[in-house]
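Heads up: the structure comes next, in structure tokens.
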Amino acid sequence: MLRFVVRRLLLLVPILLGLSILVFLWIRLLPGSPAQALLGERATPQLIKQIRHEYHLDRPLYEQYWGYLTTIAHGDFGVSISSRRSVAWEFGQRFPATVELALAAMIFAIALGIPLGFLAAKRYGGWFDQVSLVGSLLGISIPIFFLGLVLKWIFAVKLGWLPSIGREDVLATRPHPTNLYVLDAIIRGDGGALWDAIKHLILPAVALGSIPLAIVARITRAAVLDVQNDDYVRTARAKGLAPRIVDTRHVLRNALLPVSTIIGLQTGLLLSGAILTETVFDWPGIGTWLEAAIFNRDYPVIQGGLLFVAVVFVLVNLLVDVSYAVINPRIRVS
Amino acid sequence: MKKGRLLVLAAALAGCALLAVSAASAGGSHRSVSDTLVFGTAADPVILDGPLVSDGESLRPINQIFEGLVGLKPGTTQVVPLLATSWQANKTGLQWTFKLRQGVLFQDGTPFNAAAVCFNFNRWYNFPGPLQNQGVSYYWNTVFGDFAHPAQGNPGPGQGLYKGCKPVGKYTVILSLNRPSSSFLGALSLTNFGMASPTALVKYKADAGTVDNNGVFHPAGTFGTQHPIGTGPYMLQSWTVGDKLVLVRNPHYWGTPAKLARIIFKPISDNAARLQALQTGEIQGYDLVDPADVPTIQKTSSLKLLSRPAFNIGYVGINQSYKPFDNVLVREALAYGLDRKSVVDSFYAGRGQVADQFLPTSLVGYATKGVPQYPYDPAKAKQLLQQAGLTLPVPVDFWYPTNVSRPYMPNPQQNAEAFGASLNNSGFKVTFHSAPWRPDYLSSVQAGKAEVFLLGWTGDFGDPADFLNIHFGAQGTEFGFNNPSLFSLLTKADEEPNLEKRAALYQQASVEVMKFLPVVPYVHSSPALAFQKNVDGYQPSPVSLEPFSTVYFGK
């Protein structure tokens, strides 16, 4: 197992190297320059030339890339051109927000998706199955920003039940040592802060979780249908085991293997930042950060941010692979 | 199965309970806190140090914390006393004597006096190399230009406007210039030139830092992030990047104290999200209202709209390096061929007025007589083209930007298409050429690649030089003309210290520009701000910098 993990971690080096070259070339192929983006109407050709020179953008590409590689090798991811703050610091500020939102969305998707998929399979062909099929189709096909706007309009604007933006009440003055607001509230034992953080999470988590919910429900349904006719399930039933025990120990546990793959992949995706959801709910995470950086041609943020995201994505996938072994001991043997 | 049903029932009950609890706490979102105003902004500030920024979102809080020698009369561009009570230029216009307000303290208790003023001017003039970058100290570069120790390529002593600052006694300073300029007084009202506490600048190392491999300046101190200290009615309490910036009332303010105890600036990048946050009461105001949202706000009884006085110009630019646009008859034909009134009436949601000259109406130098008028007249346009010896239709390459909405052109494509149709009726044959605003469009226009193009400008400060001299004061690639008599008229107007004579010179320049037609101005628009109905005392400023100290909650 240890060898497997180490091998996967070593694989990270060529992946990141390749990615850094791709990202580096891609952003330089985009037309325009940071100076143009920064100053708009006030950017004169002389000024653009001066800024290009100061940011070393007038040097040959290989020279720029080598300079970039040597600085990140020293752990320096540079400074944002538009905010003048360290890229690593900004990532540290924003990543917890994305983690909190992604986890909440996945909890919503799993908590609803697995029971829904399981029940749909058990009632295969019935009205519940049909309704859940239509529901999942809707979940996958409704654009997230539209769902987000509708949810906000109903629950925030019309009913006033939930807030429409941000991570906590704007008037609150609470310390956030971990920047995970729910965790911070739990550590402090502050019930009001906990409820405030959860209240702000509900709408964005529901909007963001709608696609994973639909996928998890469909995959669970298919897996349960597949497994429940296997020999060992029939044997278990023939032995006279209680249906609940057959379902939980034999059907669900085996059906969860493909579901866990999907959950892992979806979590990895959500952790890369959900630009639309974060924008609609003004959620200060990685998605809005990278979007603004691309818009502003903020090269250090795009380069550094994407590398961080790639590391997170690869690590989450590694965790998923490791978790197979826990769920299904047969993988450990093989 | 019974257990399964129980589980479903329990989940449903939990959901209902959740909604019930959130309904019970609904007061949290629809609130009205009488001592705090939450204002939605489009982005975070960069840094709270005036001379080092040029973006509006940084200048907004800086404007509440810092004050300059002169300010603007609320709602206008008229220069009025602020930290200086009076001023006088000598006969040559090279020395300006400022009498300072007495008994003023910086927020850290440091006294404000002549030494503090010169400390600030010396700081700007002595900026180290990285801070001389135009992208960093844009307004010092634009207004004064020179540095004591210039980095490569920058103007040195004597090569810009600034010469020196000398304290005379405790409450008088003399600012010396290298050439006469009257626009610098208006420029001093810029938030960028606010006075900062010398003690804090040193203690919190405002100018210390290093430059990385990308050439970006890393500030080592905390002046601009945690300890921005000026003399203004509000002081910084906290700034959580990406979340909020909190200002609290300065209890020792020398003037009328701020009416509200706290102002919170909440960055919300999405326009629709800002509107919904206003509707829910999470914020009490925001600016940069999307014209498409204006009807929604007008229909909502709990909200109201305010307008900033028009301080911008939307124009059709002409590059005279392209023939036949070097011929003034062709440019006049173009002016007659643009149906400016119908564009302004159709696409500005009632917030635009047709421009007959480049300067906004509120600005000194706006000409009230002698301005040539170019009403939409296709027959006249065709006649002028024939007079110029051209065969009709005359081809025009007409550029407009995409992916952008500016106060002076909410929807450039609509403007371009309408102008194209009216030009096609007037003896021209329009070929459209579009490009994304950032970064292709602006760089193409500035590099002189566009023959005829849509563009505009929003003023930085209340001086005609910020409009006319910047655009037409020297030869440039954008408009491709060389008109020495116009250049010298604008230089003369900028240097004239007598305000009346200066106004007359700018009026003359305004008329000359409309005769020469380097551009065809077509609109001045009034950007909208949205507020909760009970927010009072907010006075919109033409230069977009409003004091929050006068704002309060009415009934």
Side-chain angles (χ1 to χ4, degrees), chain A residues 31-33 35-45 47-48 50-51 54-56 67 71 76 78-79 81-86 93-94 115 119 149 152-153 156-157 159-167 169-171 173 195-196 199 202 243-244 279-282 284 288 292 295 297 300, chain B residues 1 3-4 7-8 11 18-19 21-23 25-26 28-31 33 36 38 43-44 46-47 54 133-135 138 153 212-219 238 241-244 246 264 266-270 272-273 276-277 279-280 282-283 436 438-440 442-443 446-447 455-457 477:
Chain A
S33 71
Q36 193 80 62
L38 276 175
L39 293 169
E41 292 100 320
R42 287 163 175 79
T44 60
L47 187 49
I48 290 168
Q50 184 193 343
I51 289 188
E54 290 188 9
Y55 289 17
H56 299 186
T71 46
D76 179 4
V79 170
I81 291 174
S82 47
S83 77
R84 297 183 214 153
R85 284 182 278 268
S86 143
Q93 289 292 303
R94 286 176 170 268
L119 287 177
L149 284 174
K152 271 173 72 173
W153 188 76
V157 179
L159 297 172
W161 289 0
L162 293 166
S164 75
I165 49 157
R167 297 180 70 191
D169 190 312
V170 71
L171 298 179
T173 47
W195 174 236
D196 189 24
K199 215 166 57 172
I202 293 173
R244 189 175 59 84
T279 304
V280 168
F281 291 97
D282 188 42
T288 42
F295 193 63
R297 303 288 190 268
Chain B
M1 259 318 88
K3 224 167 193 174
L7 271 174
V8 173
L18 195 69
L19 286 178
V21 178
S22 64
S25 60
S29 49
H30 284 277
R31 61 166 165 254
V33 179
T36 302
V38 185
D44 258 316
V46 174
I47 193 169
S54 57
N133 181 331
Q134 281 230 24
Y138 174 80
D212 71 6
N213 272 0
N214 287 319
V216 182
F217 178 69
H218 298 238
S238 65
V241 174
D243 184 21
K244 64 190 165 197
V246 184
I264 297 178
K266 169 85 184 154
I268 306 170
S269 61
D270 185 48
Q276 287 189 318
Q279 289 172 318
T280 62
E282 287 161 285
I283 62 174
R438 289 205 282 201
D440 309 350
L442 283 167
S443 53
Q446 283 157 352
L455 205 58
W457 179 259
T477 46

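Chain identifiers are assigned alphabetically (A, B, ...) following the order of the sequence lines, protein sequences preceding nucleic acid strands; residue numbering begins at 1 within each chain.
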Check [X] against [Y] and note the closest heavy-atom contact, atom names and distance.
{"X": "B/G242", "Y": "A/P284", "value": "O-CB, 3.7 Å"}
{"X": "A/S164", "Y": "B/A277", "value": "OG-CA, 3.7 Å"}
{"X": "A/V170", "Y": "B/K244", "value": "O-NZ, 2.9 Å"}
{"X": "A/P163", "Y": "B/E282", "value": "CB-OE2, 3.3 Å"}

Hey, what do you get for CG (B/D243) to CG (A/D282), rounding to the nearest 0.5 Å? 9.0 Å
Less than 4.5 Å apart, side chain to side chain, heavy atoms only: is that true for B/Q276 and A/L149? yes
May I ask you to test the B/T280-A/I165 pair for a side-chain heavy-atom distance under 4.5 Å? no
Quick one, B/V38 with A/L171, criterion side chain to side chain contact (heavy atoms under 4.5 Å, CB included). Give me CA distance, side-chain angles, the key distance, then yes/no. CA-CA 8 Å; B/V38 185; A/L171 298 179; 4.1 Å; yes
For B/I264, is it the side chain, the backbone, both or neither that has a heavy atom under 4.5 Å from a heavy atom of chain A? side chain
What residues form a salt bridge (Lys or Arg N to Asp or Glu O under 4.0 Å) with A/R167, not counting sequence neighbours? A/E100
